Each structure stands twice: as structure tokens, then as C-alpha cells.
K.L.:
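Here it is: the structure, laid out below.
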Amino acid sequence: MEEYKFLTYNVGKLNPVSATEYATVGGYAGLKIALANPSAVIQTIKDSGLRGRGGAGFPTGMKWTFVRNTEADQKYIVCNADEGEPGTNKDRILMAEVPNLLFEGMAIAGVAVGATKGYIYLRAEYPYVKEILLKALDDARIRHFLGKNVMGSDFDFDIEIRSGAGAYVCGEETALLESIEGKRGEPRYKPPFPGVQGLWGKPTVINNVETLCNIPMILCMGADFFKALGTPQTTGTKLFTLCGNIKNPGVYEFQTGITMRELFEDVGGGCPNGKKLKAIQCGGASGPIVGTDKLDTKMSIEDCNAAGANFGAGDLMFIDEDQGIVDLCENLMEFFEEESCGKCTPCREGNFRLLELVRKFKDGTGTETDLDTIEDLASTMMDASLCGLGQASPIPLVSAIKYFRNEFLEGGNY
Amino acid sequence: MAKVTIDGIVVEVENGTTVLKAAEKAGVKIPRLCYHPDQDVKGNCRICVVEIEGQRLLQPACAYPVSDGMVVHTNTARARKARYNILELILAHHPADCLHCIRNHNCELQQIVEDMSFTREIRYPYHERGTGLDYSSPSITRDPAKCIVCDRCSWACTHFQSCNVLTKTNRGFETYLTTEYDRPMAETACTTCGQCIQACPVAALTIHDDTTDAWKAINDKNLTVVAQVAPAVRVNIAEALGEDPGTISTGRLVTAMKMMGIDYVFDTDFTADLTIMEEGTEFLHRLTNGGCLPLITSCSPGWVKFCETWYPDQLAHLSTAKSPQGMFGAVIKEYFAKKIGKRPQEVFSLSVMPCTAKKYEAKRPELGRDGYQDVDCVVTVQELAQMIRSANIDFSKLPDTMFDAPFGLGSGAGVIFGASGGVMEAALRTVHEIVTGKVLEDIDFKQVRGLRDTREATITIGDLDVKVCITSGLANARMIMDLVRAGKADYQFIEIMACPGGCIGGGGNPYRDWTKVEKRNAATYIIDAEQCPIRQSHKNPAIQEFYKDLGVKPGEEIAHKLFHTNYADRGNLPK
């Protein structure tokens, strides 16, 4: 299947750190449009139907409206480039290959809401990307795409790069803000939302890398063009990461609405060595593990939700018949137990208990009662945890029990 | 205003009020653990989750702001299930040694278990949290195994005291509150104020127990036990024994201590008056001889250690006068022992204090000589309450007894040392008369009273305009000290107390919140105004007699040797 290269059109074609090269292929035209008519930007984004690409799918234009409407002497644009979700690599490719697309998106956001300062919160495990970003920032400043009087206008906008110490939870937007402020990476209680009180208490836009990369494209091509791409409620394209037991793992861009089966068979080439597909984990480490009966689900937020799958940040992990579901669940729970920040009780204590319980099934001592305990505890974690980590971490386990209950009760032997 | 329906009851509250507060108005008391009325909302324990119509997830009542028309249910199956499951998770990670825990019957977690009638079996095995008991500090005992990670101690240490000694370590299940790099408390910049103890809902942070030493001395026939009782104890001890905050019980307190077998019970108010004589003299001396100003009080050992740690370059501002406890220690060992024909080592000097830092102060090398300390043992209000209870005494039924002579007489000025602003007012009552030589008609300096905020005032004394400043809480102290260091504090006299509200809000008292501290404060000024015939330190006949007997005047050499001290540079403590 031919990719639909919308954001990734220039990947591999340009010198990533050269703002000039980016400009010669139409780069920074979106920013020019925004600077000519700042008040029209948010409406265009709203008309395009763009929703956040980080996993939650919040309408981007609405998020920006909150920030624009909040009075403050300083506002910030923060790019969430933490990309800590296991099995997701899309943002890395955008940043390493077309960093100027991201800078342009952030600058346009700055124009739209009245912010003059941006931060890229870069995943600590991407040191080589940091070098590219730093060089690209320097070049963009020299060419006056960033800094004082952006593109000869009276608008100032500059970007700084910050990194944490590699905590998964810092991909949660308020924990990310805490980390930028130099504090322990723990989520904040919301409300107040970052759009009202964000970084250092100031109104802040926080968007994912891919979301921001869409912005210049929407301004250049127009909201109608964008809206015609993909499904009605998840307009545009998506970078999908395929991983696990698949012949051609990697990041591929398609219009939303492509089915899981197309991604698995036509793009990914199926499981290696002729193995049979057993399950799919969709939307990242905290996404549900579903059976092959979901393969014809269209990849869009609305279709995934209806099918009990998860669109998330667009990643799919394929699991073949050789893999044990209990092993997989243990591995995932180890991850969440390790990555829980420890702030709220359900997540801090709950993930450890879920791991303990899963291990019982691995050594064959788990019982039906233990499965009930898992489901009971999981429901409380999903209902009462402070942030998305604890609310979502039990999802793969609960869904795996739903699909593969016998595998648990047979002592993890499959 | 917002109309909110909580469990069917409609209440009207200000917009933005939390669900928890609105529920209280509706007669619904939602369980809470990380919530503390003196602190900012944290929303992390989740024990207070409720169901709010229109919300996808359960919401913490302590943090969620109400809006008009909101409908809240606290007892749906879903909310109840979550609360019980969360409580179970907490209990599974908390040692079940309640029966012989220091906080048995005085524990917020235990109270919630009781209120929720949580009796079911816990489905998870117990694991111990943290790296074991830390007994290193003379003031504060830390037991990470009991920590429930509510973060209240850290809040108090950071926001009340700006010390940041306690903080979270590790992630996930391993998370607990500790010092930096898990150092023993004694090796940190901890000021020993005990505000963390006051904030802790369980027994993760408790007062270092010295009751065993006290009982041992009381029951030692070869020792004469001489006790001093700090001003704030008389408005706190009854509360610690279950009576209302602010109950005054001076006479019953003395009776109880006598029943316990303490030989002499003296009043620290006496040395509070002595402090005024020495510090007042020092102030006038500095004022007229170009000494280091502003003069800053040194009664509060938590504040002194803070100053030594963070502002070692500003120690010259501290009054060299010992604290009232320190002075009394010297009086007991150097003066009173001789009077009763004993060697200092045969007299056991016991302090009853509202303060955990006094335990640390008593161990300072400056407050002792020839191999013994002036104060042998300090018990706090909480510990004295335990001693009274364990001595089979029903405090509520006791008659009154007077403090022993000759150090049982203190003035009202001594009493108000217990409240923030009290030392300043006491000093002004005396300094004013000494300078002007005239009788002060209105001795109430109400402009220096208050609890929470920093106050400043200009007092005209004869030809002098004296600008004073009063503050409490070390975060406030830091702001003032930054001004002093920058040379921007145009005060002549500053009173600083480590604990918010002064000694009545101290770390050794019954568990605090501002409403209780306010009642203790009111009681303090009632004693001063209604129960003290003498309200100025220099008019205390016991003080006049004492100086006459010593054959010195305040500030003179012998007095200086006994009643003044020096300070150490602790700038190298890790911080």
C-alpha cells in the first residue's frame, strides 16, 4: 500500500538542520499566513477538525481558544516530545527529519494565542535528536524564522529545549510542566488546566509533536483540504507505528480510517515465519490487548472507541501465537509499577498489587478469586487515579483477561 | 454563589468552594487523609473520591471545585467501592501494630478505618516501606514504614518552614518521604521544629520519646527532680488530655506533676521574665552604644538553628540571652541546687515544653559545664499527657496547686511568651518604663499581637521611635532575614518564632490546626489579663529578689556568664 505522505513528505529529502532548504520547498509559508492574519488562525484549526495526536484526541483549536482567552503577561507553547510510550517512534522521525515543521507549528501556535516563548520537552532517551534540534534552532534563528521580529514582523518567538530524567509519567502534560520547572515529575491536580494555569502558573498550550507538525500544513493547504482527509471525526493523516511480531516494523503515514488489517497485512507484511496472529495491543503500552476479531476496525478515534480498541498515539503491537499473554501482562505491569510516580494511592499501590497478582498466574497459583480481585482493583484504579497513567495502566491486563481468560487459569501455559 | 446538591441536601456556597467543604455544610463528612486544613490541597490520597453527575471519573472531594447546579453523590456503589479499595491498599502497606503504636486512638488513618467500619480481610500481603526507623534526631523520630505518602510533612517543611528537609524519594510502590539521600535526620538541615510531626496523620513522624528517662529519674531516690513548665503548656495540656482547645489548667497541671512524684515544679515564666531583663538590657545597650541592630530574639531554638544554618553571617543580630529554658537550667543547676544543699549532678533538671526543638537545645554544649547539662531531659506536652495518663491520673478531676517557691512566680509578660508577638510585647512593657522612668498606663501593645502574618509597628518610647517586627514560621523568617542580610530591614528589634503562631503552635503540642492555635492564643491573653496580678517582668518581686540575692544587675558579668550564650556556624550542613 502506498503511504499518504502529508507530514512526512520531506522526510529524507532535506537537510534537517537547514531552515533555508525547508523554506525552498514551501516551509514557513504557514507562519507567513498566520502572521498576516493572527486572529484567523484558531478558526482555521477548528474548521480543520484537527485533534491531538498524543493519545487523548482533544480538539486542538478548542485548547488554543482557552489559552487565547486567558489574560496573562506571559503565555507559553510547550511541545510534548517525551514520546515515552513503548512502541511509539513517530515523533522521533518528525523531529529528526523535519524539525523546522515543528518549529513552524509552534510559532504559529504562539501567533494564535499570543505566546512568545516555546519549550520542546524532549525525551531524555533521544540525545541524537537533541543535537539535530539545537542545530536546526540555531539556523532558524539566523534566518529570522525564530527569535526577534520573526520573518520581519513585530512578533517575537523563540524555542528552548528541555529534558527530564527519562520518567514515563513526564509525558503526562502537567507532570511534564513540573519537570520543566525543575521539580519532581508528578502530575498536578486539574483543574486548573494548563490552558489557564500551566508552566510557571501561566496559560500554556501543550501539544504533541505530530499535532504541531500538522498546523503549518493546515494553514498552507486550507482547512477544507485537511478535513477531506481521513474519517469525519479524526480528520487528516496519522503516523502509525507498527511493532511486535511483524515483518516490516516501522512508522508509516496514512489517512485515518485505514483498517488494522491493512496495516498488518499490506503494510506490515504479517507475522514473520508464517506464524499466526494471536492478539493486537493498540494505542501503546496502556492500550487494550484485543483478539484478531478486531482486525477490521478502522483506525480512527471514533471507530476504535466503538470497537473497544484504542487509537491512542497510533501504535499497534502485533502478538503472534508463540507469545504468552500472561508473560506479556507481567512485562507490562512491571513497566507501570516501575513508572508510577507514587503520588496517588490507587496508582502507587495498585500497579504493584496488579503485578503481584499477575505473577501468581505465571507460577500457576492464581485462582478465579484472584482474577476477580484484579478486576475489582483495576476498576478502582481506572476510576480514582489522579492522572492517565493509573487510569489506563490496568487496561491491557483487564482486556487480556477478557480475551484470554483460560490462558491465565491454565497457569500461564499456552 | 453556587447551589450544590450533596446526597440530596441542597447547600449554597461560594463558587469555587471544594466539594469537601460544601459537603461539611450539608452535614456530610467525607473521609480525608492528605487534606489538612492549614495546607494547600494535594488531592493525592484519593480516599475522598465521590461521584459527580456529568463527570466520567470519580473526583476527589478535597480538590474539586463546586459550580452552580452540581449534583454530588458520596455513597453510590461505585464511590464506596473505590474508597474501600483505596483504604485497603493503604492498610496493606502499613504495619498493623495499632495497639502499641504511639498514635493509637489519635491516628487519622485509624479514625477513617473506624468511621468507614472497614472490617474486611485485606487481600494483599504486607510489605514494609522505606529503610527502617530513624532515631538519630533528639527531637523527631521517623518511621518510614508507617508513612502513607500523603505529603503533608513535606508541605509543612517546605511551605511553613522553607527548609525542604523532607521530600519524596523513589517512585511507585517504593515511594516514601525521607531526607535527602536518606541521611539520618540529625545530619540534615532539620531545625527540629516538629511541624512535620504536627502535619503527619499517622505515626511516620513522632516526637522523640523521653518519657522513659523522665520516669527513671522520678523513681530514682538519689535524684531530686526539679521541673520547669513553659508558658504554652498551661493552655495545651488539657487539650492533649481530651478537653477543649484553649482550656486553661495551670493549677491542675502542677497537681498532676506533683502526683507523678516530681519534687519541685517551677514556672518557666520566671525565666521568661529574666529573659526580658537580660534581653531588654542588651537591647538598650545596643541601641545607645551603636551595637548590632536589629536585635533579634533567641528564645526559639528551632529559629536559632535555622539562623545558624542558613544565615551564619547574621548571627551577630541574635540576642546573646539564653532561651527561658536555658536560663532556668542554669538557675536550677548553679543556684537552686546549692540552695537545697545538693551537687548539680544530684538534681535532675526536667523541662516540660510545647516544643521538640527544646530537646535539641538541651543537648547544645553551650548549655552545660563540667560534664553535665543544665537541662537533663525535655518532655513535650504530648509526652507529659502520656505520663499523666499512665500515672493513673484523671486530669479532669484534679484540684489546683500553686507552683513551688521561689521560682513559681511569673508575670503576665512571661505568660505571653507562648504566643507569637508575646516576647516583643513583654519587652516593650519593661523597656518603656526603664527608658522613660514613668509608669506605663496602657501596657497592652495590641499592634504586635497576631498569629499568622508578619507584623511591624513603630513604638514611641520617650524620645525614641522604635521600629519593631514580629514574625513566626521559618518561611516568614527567611523573608525577613533576606532583608536583614541585604541591609534593607530598618527595624531595631525583631521577634522570630520558628513555629507558625509561636510556641502555642509548636511541634510538641497536641495536633494543630489554625482554629486550635487561635483558641490557645486567646487563652494565653486571658491568663495575662485576668489571672496575673503582675504583668510586667521588672515588677515581678521574685525577679527583683533573685538579682538582689545574686548581687548583680541585669547584663553584669555573673549574670552574663549564667544567662547568656553564643552560637555556632552551621552553614556547612547539607541543604
Side-chain angles (χ1 to χ4, degrees), chain A residues 165-170 174-175 183-192 333-357 359-360 367 369-370 372-393, chain B residues 16 18 33-34 40-51 55-60 62-65 67 76-94 122-125 127 129 147-151 154 158 167-177:
Chain A
Y168 172 72
V169 74
C170 288
T174 56
K183 299 179 192 148
R184 184 180 157 97
E186 283 186 348
R188 297 175 185 169
Y189 179 73
K190 294 185 276 192
M333 286 321 305
E334 278 172 357
F335 175 75
F336 290 121
E337 196 277 316
E338 173 84 20
E339 293 297 343
S340 164
C341 79
K343 180 168 178 171
C344 78
T345 312
C347 179
R348 179 184 68 235
E349 310 289 329
N351 280 307
F352 178 85
R353 299 305 178 178
L354 288 182
L355 175 62
E356 268 188 342
L357 288 160
R359 284 188 173 148
K360 285 177 91 169
T367 61
T369 314
D370 291 323
D372 292 345
T373 305
I374 289 178
E375 278 164 2
D376 186 60
L377 172 58
S379 73
T380 289
M381 291 169 66
M382 293 190 269
D383 237 2
S385 291
L386 175 62
C387 83
L389 201 165
Q391 289 161 12
S393 64
Chain B
T18 61
L33 273 173
C34 70
D40 290 338
V41 161
K42 294 167 219 54
N44 62 32
C45 80
R46 318 302 279 187
I47 197 81
C48 68
V49 286
V50 295
E51 206 166 332
Q55 286 293 316
R56 187 172 60 87
L57 300 173
L58 299 177
Q59 294 294 338
C62 71
Y64 203 85
S67 52
T76 58
R78 191 175 153 209
R80 286 179 71 89
K81 172 170 141 183
R83 283 208 300 275
Y84 282 78
N85 277 349
I86 290 166
L87 183 57
E88 183 184 11
L89 288 171
I90 295 172
L91 293 176
H93 205 171
H94 185 84
I122 292 168
R123 293 171 288 182
Y124 318 110
H127 298 276
R129 179 180 265 128
C147 177
I148 57 165
V149 204
C150 70
D151 216 15
S154 164
T158 305
T167 184
K168 273 185 203 165
T169 188
N170 297 341
R171 290 193 305 199
F173 194 72
E174 311 284 320
T175 311
Y176 65 104
L177 275 294

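In what follows, every chain begins at residue 1, and chains take the letters A, B, ... in the order their sequences are listed. This structure is a prediction, so every number in the text was calculated from the model and none was measured.
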K.L.:
Taking every heavy-atom pair that is under 4.5 Å apart, which of A:Ser340, A:Gly185, A:Gly350 has the most such pairs with chain B?
P.N.:
A:Ser340

K.L.:
Heavy-atom distances under 4.5 Å only: say whether B:Ala92 touches chain A with side chain, backbone, both or neither.
P.N.:
both

K.L.:
Tell me, side chain or backbone of B:Ile47 under 4.5 Å from chain A's heavy atoms, or both, or neither?
P.N.:
neither

K.L.:
Could you give the distance from NZ (A:Lys343) to OG1 (B:Thr175), rounded to the nearest 0.5 Å?
P.N.:
12.0 Å

K.L.:
Given that the side chain runs from C-beta out, which part of A:Thr369 has a heavy atom under 4.5 Å from chain B: side chain, backbone, both or neither?
P.N.:
neither

K.L.:
Between A:Glu186 and chain B, which part of the residue has a heavy atom less than 4.5 Å away: side chain, backbone, both or neither?
P.N.:
side chain

K.L.:
Measure B:Lys168 against the heavy atoms of chain A and call it side chain, backbone, both or neither at under 4.5 Å.
P.N.:
both

K.L.:
Under a 4.5 Å heavy-atom cut-off, does chain A meet the side chain of B:Val49, its backbone, both or neither?
P.N.:
side chain

K.L.:
Tell me, for A:Pro191 versus chain B, whether the close heavy atoms (under 4.5 Å) come from the side chain, the backbone, both or neither.
P.N.:
side chain

K.L.:
Mind checking whether B:His93 and A:Arg348 have side chains closer than 4.5 Å, heavy atoms only?
P.N.:
no

K.L.:
Can you name the closest pair of heavy atoms from B:Ala82 and A:Ala384 and give their distance?
P.N.:
CB-CB, 4.5 Å

K.L.:
I need the A:Leu386 CG to B:Arg46 CZ distance, nearest 0.5 Å.
P.N.:
4.5 Å

K.L.:
Checking heavy atoms, do the side chain of B:Pro65, its backbone, both or neither come under 4.5 Å from chain A?
P.N.:
side chain

K.L.:
Going from SG on A:Cys347 to CG on B:Asn44, what distance comes out if it is rounded to the nearest 0.5 angstrom?
P.N.:
12.0 Å

K.L.:
Select, from B:Thr167, B:Val41, B:Val149, B:Asp151, the one with the greatest count of heavy-atom pairs under 4.5 Å involving chain A.
P.N.:
B:Val149

K.L.:
Please look at A:Asp383 and chain B and tell me whether the side chain, the backbone, both or neither of the residue comes under 4.5 angstrom of a heavy atom of that chain.
P.N.:
both

K.L.:
Using 30° and 60° as the class limits, which term best fits the ring planes of B:Phe173 and A:Phe352: parallel, tilted or perpendicular?
P.N.:
parallel

K.L.:
What pair of heavy atoms forms the shortest contact from B:Pro125 to A:Arg353, and how long is it?
P.N.:
O-NH1, 2.7 Å

K.L.:
Scan A:Leu357, A:Asp370, A:Asp376, A:Leu377 and name whichever one has a side-chain contact (heavy atoms from CB on, under 4.5 Å) with B:Arg123.
P.N.:
A:Asp376

K.L.:
Flag the one option from B:Arg83, B:Gln59, B:Arg129 with the top tally of heavy-atom pairs under 4.5 Å to chain A.
P.N.:
B:Arg129

K.L.:
B:Tyr64: which residues meet the ring pair (Phe, Tyr, Trp, His ring centres under 6.0 Å) condition with it, sequence neighbours left out?
P.N.:
none

K.L.:
Does the side chain of B:Ile90 come within less than 4.5 Å of A:Glu349's, by heavy atoms?
P.N.:
no

K.L.:
Could you check which of A:Glu337, A:Glu339, A:Lys190 has the highest count of heavy-atom pairs closer than 4.5 Å to chain B?
P.N.:
A:Glu339

K.L.:
Going by side-chain contact (heavy atoms from CB on, under 4.5 Å), A:Thr345 matches just one of B:Leu33, B:Ile86, B:Leu87. Which one?
P.N.:
B:Ile86

K.L.:
Quick one: of B:Asn170, B:Ile148, B:Leu57, who has the most non-hydrogen atom pairs under 4.5 Å with chain A?
P.N.:
B:Leu57

K.L.:
Given that the side chain runs from C-beta out, which part of B:Glu88 has a heavy atom under 4.5 Å from chain A: side chain, backbone, both or neither?
P.N.:
neither

K.L.:
Could you tell me which portion of A:Met382 (side chain, backbone, both or neither) has an atom closer than 4.5 angstrom to a non-hydrogen atom of chain B?
P.N.:
backbone

